[in-house]
Number of protein chains: 2
Amino acid sequence: MRTGDVAVGATRPMGGRTRVTIADVAAHLGVTKSTVSRALNGYPDIAEATRLRISRAAERLGYRPLSHAQAIRTGRVRSLGLVLQIDDEDSARPFLANFIAGVTQAASDENWTITIATAESEKGVRETLSRLVDEHKADGFILPRTLLRDKRVEILRAQNVPFIMFGRTADPTGCAWYDIKGEDAMRAATTRLASFGHTRIAHVPGGEEYTYSRLRIGGYREGLEAAGIAFDPALIGPPALTRQAGDMATRALLALPEPPTAITFAVDRAALGAYRAAQALSLRIGADVSVIAYDGVPEGAYADPGLTTFAVNSRQAGERLATLLIKRIRGAAPEELRELAPATLIERGSDRPPRLTPAALARHLKTQTNI
Amino acid sequence: MRTGDVAVGATRPMGGRTRVTIADVAAHLGVTKSTVSRALNGYPDIAEATRLRISRAAERLGYRPLSHAQAIRTGRVRSLGLVLQIDDEDSARPFLANFIAGVTQAASDENWTITIATAESEKGVRETLSRLVDEHKADGFILPRTLLRDKRVEILRAQNVPFIMFGRTADPTGCAWYDIKGEDAMRAATTRLASFGHTRIAHVPGGEEYTYSRLRIGGYREGLEAAGIAFDPALIGPPALTRQAGDMATRALLALPEPPTAITFAVDRAALGAYRAAQALSLRIGADVSVIAYDGVPEGAYADPGLTTFAVNSRQAGERLATLLIKRIRGAAPEELRELAPATLIERGSDRPPRLTPAALARHLKTQTNI
DNA sequence: CAAACCTCCGAAACCGGTTTCGGCAAGGCT
DNA sequence: AGCCTTGCCGAAACCGGTTTCGGAGGTTTG
């Protein structure tokens, strides 16, 4: 085939003109493939002059090694795996775009790529994860939404595949992770509310199977202690991850004999449910009942009043996770690859000094609901 | 190495126990690699009995071909490429999770994977796209957010790389696409408003560089015509893609001597800006001014009153795009790979019969603003 | 019964890289 | 001068698959 011949239509599977291979570079310079390979990969037994000559020629000829051709010998495909669970309509949504942006950014800085897959259930996630591992589609995996006991970890550990978790776990042996200090956020939220004069402060946790949930409850209790407020188990509401559940949890807490005048939520979305509950009970968020939550979903800004929350920088999380994972794949010990980052408070209007005492609030609620 | 030997620590780059290769399967059966390969890939010159024997053995031994090992000879990595532009804070966000879910679902049904990358600018997108093409990280690409004249198309066409667009384009030669009939939606929105009794109906288009924008304006004009309303160029507002821009566009339209009592928006997010404008002008959406938009973002449901909109099923879009692209990669002609799907109307409270005539609305507005 | 054809599979080349091994030449050491 | 290093690179094997080529054996045809 002469140079300039170009496949027409779909004759050639892909890539119009023939690729320039390592053999082309070698022939062009009158050296062997092996020399080119070693020069380009920084082996020590190549003369500096030769290395320069080769890398310049490679550059000029536009030589790009095929990562999958390299992979067959090296066992590295230069790709990071990410298996997302997309179940209920809106779970991972706001989080996702920035997170992916962060991950891909860090990855492409090292000239790696991301292989992404989704599943609808935990079981589905494990199955796709296994498949990707079997077919070696990625050199390592990022595990979002870490559970207290996470079967994904068992799978990867058994196959000896590098991974990093977004979130801590119950059994940390051999695990690298990046996590946000949700416990600090919840402690700060609680002391903040206490400093406003609240004495009955409730907490609505997230999903029990998640590690973060336990941590945030811990932070809440620390906050109470720091403020000198006795912990009341009744003020731990039922777990809530959705608006609907948050609505119910809020109603349940307000129905207590001595209701809270402030509620901390482990999850923004649940906190938005409190707005609904408040409206139904003719209560005003940020006056009759204060709210501080965690996540930083955009909807919080559009609520009325705006939701005060501890926002996580998910773009940065993605970036760090990717860089740490690459280090892990390159051999770093997992114990050295653990990072914690703070959440940042976004003050809006949902947390204010209490307008009523708990007792007055209870009386007020009695007049509203006619049960 | 005896069977049972397992690499400890990070000795072996990945995959604890040695992989079972095609040679293992062949040896186990006393045939050659080539026979196994042909049997598994459905070549016609393998006896049915042999094929069965081989595929059963492969199954039992847990043999999984490495796609990158196959790729080196076949030129196919069994991966779909997706380069996302994540620029302004919240552009692609709600769209993304479901879209990716759809794409990955369809891809993994065929045992393909998705290689994803992001960039912040159009230029960045083109650069990453070129890089992925050069390194053959994917066999074909999905191009979201098609522009009227799209340079990504030129890049891929030049390299003869298969692709499919989410959205139509000005020059369709050689292009496969999937798109939502936004023009139909806008026509329906307009006739619907007209049927409510609105006579002054405005339209706020999306970004001018996008194909859809032009199409939706066309639909709007068709709707006017069908309702027997004369087109008034003054009622085409400035393009708006964000809440902020939608706010401004709404104010501009309402400041007209004969203001519209209804506005159609090419984009939900812009329509949400109208709520702000209305509040500032003491107007009630769904009474003083009606609104119908397009996209189906979740925030629309939480607006008060809820935003009536034409929602696109982005999960389905992802699914179809992936399946069509795979067909394209397998050699189907692009002309046969063009699909249009309808948007579905979600009726909420933002579109109602007008409470005031345009003249009365204008008078009302004069009393509000003291300029 | 030989020639011509199929059917089915083995042998070997091939894809584009990496890595091992060994050898040549120059330099250092006694 | 002879020997031993050391630096540098070529030759060839290798990775895990796919694909071409050809040939053995059985079947059909003339």
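Because only heavy atoms are used, hydrogens play no part in the values below, and waters and symmetry mates are left out as well, while side chains stay in. Every chain is numbered from 1, with letters handed out A, B, ... down the list of sequences.
- Running 5' to 3' along DNA chain D, contacts with non-hydrogen atoms of chain A at under 4.0 Å begin and end at D/dC8 to D/dG16.
- One axis for each end of the helix from C/dC1-D/dG30 to C/dT30-D/dA1, each built from five base pairs, and the angle between them comes to 50° at 10° resolution.
- For A/Gln105, the side-chain contact (heavy atoms from CB on, under 4.5 Å) test picks out A/Asp109, A/Arg315, A/Glu319, B/Glu120, with sequence neighbours left out.
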inquiry  = Test side chain to side chain contact (heavy atoms under 4.5 Å, CB included) on B/Asn111 and A/Arg131; report intermediate values, then the result.
reply    = CA-CA 9 Å; B/Asn111 209 14; A/Arg131 186 168 72 81; 2.3 Å; yes
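- Residues that satisfy the side chain to side chain donor-acceptor pair (under 3.5 Å) test with B/Thr50, not counting sequence neighbours, are absent from this structure.
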ask   = Are B/Thr35 and B/Thr32 close enough, and set up right, to give a side chain to side chain donor-acceptor pair (under 3.5 Å), and what steps lead you there?
value = CA-CA 5 Å; B/Thr35 306; B/Thr32 58; 3.1 Å; yes
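- Counting only residues at least two apart or on different chains, the salt bridge (charged side-chain N to carboxylate O under 4.0 Å, His left out) pairs with a member in residues 163-174 of chain A are A/Arg157-A/Asp171, A/Arg168-A/Asp179, A/Arg168-A/Glu183.
- Against DNA chain C, the stretch residues 27-36 of chain B makes heavy-atom approaches under 4.0 Å through B/Gly30, B/Val31, B/Thr32, B/Ser34, B/Thr35.
- Residues passing the side chain to side chain donor-acceptor pair (under 3.5 Å) test with B/Glu127 are B/Lys123, sequence neighbours excluded.
- In this structure A/Glu48 satisfies the side-chain contact (heavy atoms from CB on, under 4.5 Å) test together with A/Arg51, A/Leu52, sequence neighbours excluded.
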Taking distance alone, no hydrogens or angles, what donor-acceptor pairs closer than 3.5 Å link side-chain atoms of residues 59-69 of chain A to residues at least two apart or in another chain?
residue : atom : partner  : partner atom : Å
A/Arg60 : NH2  : A/His28  : NE2          : 3.2
A/Arg64 : NH1  : B/Glu135 : OE2          : 3.2
A/Ser67 : OG   : B/Lys137 : NZ           : 3.0

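- Heavy-atom distances under 4.0 Å link DNA chain C to B/Arg38, B/Asp45, B/Ile46, B/Ala47 of residues 37-49 of chain B, given in residue order.
- With sequence neighbours excluded, no residue satisfies side chain to side chain donor-acceptor pair (under 3.5 Å) with B/Glu335.
- Taking 4.5 Å as the limit, some side-chain heavy atom of A/Phe99 sits within range of a side-chain heavy atom of A/Leu321.
- Residues passing the side chain to side chain donor-acceptor pair (under 3.5 Å) test with B/Arg53: none are found, sequence neighbours excluded.
- When each of A/Thr128, A/Thr115, A/Thr118 is tested with B/Thr104 by the rule side-chain hydrogen bond (donor to acceptor under 3.5 Å, both in side chains), just one qualifies, namely A/Thr118.
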